[in-house]
Amino acid sequence: PNNISGIYCLMNVLNNHKYIGSSKNISTEYSSIITISRKIYTIVPFIEAYNKYGKDKFVVLILETCEPIRDTLIFIEQKYLDLNPEYNVAKLASCPAQLVQSEETKKKRADKLRGQKRS
């Protein structure tokens, strides 16, 4: 199904270890996580397990669907994070893309992107 908003679980079928996340579009989230930079510390344990065991050892489970509202997603995700999933480093739900950035960080990012060709 396309455009499902809610809470998902990436589960290792060998040991039942889990990564819990939330997304406004779960169908695209799994592929995004797999291709994302390995330097993002909150998903490193999952990426390491994925590399070790392989794609066929993981399943995507939709735990709960909800409206694609940031605060709703965070509230519901926290309920599942409180169960201490093994692959989650961060124990508090948040939307990293929505984090408030300092003006200095915004300027550094803009300076870095300035002059680069966009695909």
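The first residue in the sequence is number 1, and the count goes up from there. Computed from a predicted model, the values in this text were never measured in an experiment.
To the nearest 0.5 Å, atom CG of residue N25 and atom CD1 of residue I4 are 8.5 Å apart. In this structure, I7 CD1 and I62 CD1 are separated by 11.0 Å, a value rounded to the nearest 0.5 Å. For the atom pair CG of N88 and NZ of K18, the computed distance is 11.0 Å after rounding to the nearest 0.5 Å. Distance CG/N84 to CG/D82: 7.5 Å, rounded to 0.5 Å.
Side-chain N or O atoms of E77 include none that pairs as donor or acceptor with a backbone N or O of L92 at under 3.5 Å. With K91 contributing its side chain and V89 its backbone, the two residues share no donor-acceptor pair below 3.5 Å.
Across L73 and C66, no two heavy atoms sit closer than the pair CD2-SG, 3.5 Å. The two atoms that bring P68 and S5 nearest to each other are CA-OG, 3.1 Å, heavy atoms only. Between I20 and P85 the shortest heavy-atom distance is CG1-CG, 3.5 Å. Nearest heavy atom pair, residue N16 against residue E86, reads O-OE1, 4.0 Å.
Neither I74 nor I69 shares a network with the other; the hydrophobic side chains, linked directly or stepwise wherever heavy atoms of I, L, V, M, F, W or Y lie under 4.5 Å apart, form separate groups for each.
When the side-chain contact (heavy atoms from CB on, under 4.5 Å) test is applied to E48, the partners found at least two apart in sequence or on another chain are V44. Applying the salt bridge (charged side-chain N to carboxylate O under 4.0 Å, His left out) test to E64 and every residue at least two apart in sequence or in another chain returns K79. Every residue meeting the side-chain contact (heavy atoms from CB on, under 4.5 Å) condition with Y53, not counting sequence neighbours, appears here in chain and number order: N12, L14, N15, A49, K57, F58, Y87.
For the pair Y8/S23, a side-chain contact is recorded, criterion being any heavy-atom separation below 4.5 Å from C-beta on. With contacts defined as side-chain heavy-atom distances shorter than 4.5 Å, the pair V60/C9 does not qualify.
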